[in-house]
There are 2 protein chains.
Amino acid sequence: MARKKEVSAEQTQRNIIETAERLFMTHGYRAISTRRIAEECGITQPALYHHFPNKQAIYLEVVRSIMIQTEEAMAHVLQDHADSKDRIRQITYFMIMNHQGDMTQMFHDLQYEIDEEHRDTIQEWWMRSYFNPVMQTLTEGIAKGDILSIPSAPPMELTFFVLEMMKSFLPPSKQEHEARRSFADKKSKMLVDILFDGIRKK
Amino acid sequence: MARKKEVSAEQTQRNIIETAERLFMTHGYRAISTRRIAEECGITQPALYHHFPNKQAIYLEVVRSIMIQTEEAMAHVLQDHADSKDRIRQITYFMIMNHQGDMTQMFHDLQYEIDEEHRDTIQEWWMRSYFNPVMQTLTEGIAKGDILSIPSAPPMELTFFVLEMMKSFLPPSKQEHEARRSFADKKSKMLVDILFDGIRKK
DNA sequence: GAGTTAATTTATCAATTGATAAGTTATAAA
DNA sequence: TTTATAACTTATCAATTGATAAATTAACTC
């Protein structure tokens with residue numbers, strides 16, 4: 001039967017995932033010990049193993065949580081904005097606002113620290129949450145005639161490129177909310193300005 | 001007095017640095033143990049400590065070696081090419097050809113794994129080898145009238161942006177030489193095409 | 001109130017880590 | 001030939017790691 005305790009298991013698990021997200025995404029998988037996570041959650045290290053089978057499972061749940069949030073946000077952007085440039089700017093804005101630390105760290109961990117058996121699942125999540133919405137925006141833009149079909153950059157490669165541009169803007173550490181808002185606003189504009197019109201003087 | 005042995009101390013040290021570069025730049029500082037480096041060098045782990053005072057010193061020497069090579073290459077590019085677009089393409093080409101693994105890993109390690117006391121020195125190296133040549137190319141391009149002065153992207157921020165674009169193209173692992181050449185050629189062209197003219201259809 | 005069980009703690013393990021001490025070998029200078 | 005020493009190896013250390021076992025606490029059901 002379900003319990004009603006001061007701190008429910010659900011709350012503890014959410015606490016663990018949120019704490020682990022902050023730590024893993026800033027320092028990387030290897031650099032964060034299970035003791036560190038437990039300490040910052042206010043519990044002891046073996047207590048983690050009541051909620052998750054091992055360290056990797058915590059990491060995977062963190063990644064899953066991030067991807068789900070992203071997928072929802074991306075869907076909203078595509079719903080609320082029709083213009084290609086607006087869409088790219090809004091997606092960039094979301095990523096700067098919500099992805100602390102560098103995401104590159106996450107991709108490195110997924111490639112080198114996480115068991116191969118989970119790669120396919122994660123790649124599927126990533127396609128749904130990150131890749132497809134950006135690719136859709138670009139191909140629709142090309143179809144509508146907003147966006148050039150560049151010979152040296154076919155749609156898939158262009159998508160990777162745009163995602164990498166976005167990643168490169170992520171701030172290294174957590175800022176206070178207002179500073180981050182203004183940073184995200186400035187950088188998302190800069191990205192679309194360069195991406196759409198380039199730096200060449202005509 | 002200097003010795004003449006079958007394998008000189010100099011050779012061993014170079015071997016250590018080259019091996020450590022490959023391993024550190026692929027897997028990151030924390031993921032590579034001193035035993036792993038020693039093993040792939042064909043020596044025992046304590047032997048490393050005859051040539052370097054500690055693990056961090058090996059890492060710093062790796063970084064120094066990379067930065068020196070880069071500084072030389074950048075100088076050559078600026079000497080041999082006058083056109084802004086050519087310069088950016090050549091710099092991109094060099095980075096793809098010579099930087100294995102992802103460089104973002106290196107920047108993460110420098111920020112989170114290396115003692116603060118070395119940061120200033122490394123930042124100086126980085127400014128000289130990476131930042132200044134690209135910034136010089138861009139500001140000269142603006143002065144010559146090749147490159148737009150974009151309000152949302154002042155020269156310094158534009159430089160960071162371009163460097164991030166280059167970083168994002170680095171292949172995750174070592175390829176064979178010819179495949180890498182063709183990859184570097186393709187990607188460097190793609191980068192300058194987008195960077196200079198953008199993706200907007202006119 | 002008794003009993004069950006979820007949630008968590010204390011104690012502990014084996015493996016891996018960076019680093020050091022002490023002994024060994026080979027080369028060059030004397 | 002002796003000798004000093006650079007370049008190693010073997011043996012070992014204390015600290016940290018992810019993980020498990022066993023004991024403890026608290027809450028809900030009956």
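All figures in this text were calculated on a predicted structure; none of them were measured in a lab. In the text below, chain A, chain B and the rest are named by the order of the sequence lines, each starting its count at 1.
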Can you confirm whether more than 12 heavy atoms, excluding those of B:Gln123, are under 6.0 Å from its CD atom? no
Between D:dC8, D:dT9, C:dT9, which one does the side chain of A:Thr44 approach most closely? C:dT9
Nearest whole Å is fine: how far is [N] [atom2] from [X] [atom1]?
X: B:His50; N: D:dA7; atom1: NE2; atom2: C1'; answer: 5 Å
X: A:Ile43; N: C:dT8; atom1: CD1; atom2: C1'; answer: 8 Å
X: B:Glu39; N: D:dT9; atom1: CD; atom2: C1'; answer: 16 Å

Please state whether the rings of A:Phe131 and A:Phe160 are parallel, tilted or perpendicular, taking 30° and 60° as the class boundaries. tilted
Aromatic ring pairing A:Tyr112/B:His27, orientation class (parallel under 30°, perpendicular over 60°, tilted between): perpendicular
Do A:Lys55 and A:Tyr29 meet the cation-pi criteria used here (NZ or CZ under 6.0 Å from the six-membered ring centre, within 45° of the axis)? yes
Protein heavy-atom contacts under 4.0 Å, written 5' to 3' over nucleotides 11-23 of chain D as B (base), S (sugar-phosphate only) or - (none), form the string BB----BBBB---
I want to check one thing: is the phosphate of D:dC8, taken as OP1 and OP2, less than 4.0 Å away from some side-chain N or O of B:Thr12? yes
At less than 4.0 Å, is any side-chain N or O atom of A:His51 found next to OP1 or OP2 of C:dA6? Yes or no. no
Using a strict threshold of under 4.0 Å (side-chain N to carboxylate O), is an ion pair present between A:Glu157 and B:Lys186? yes
Would you call A:Lys189 and A:Asp185 a salt bridge, taking side-chain N to carboxylate O under 4.0 Å as the test? yes
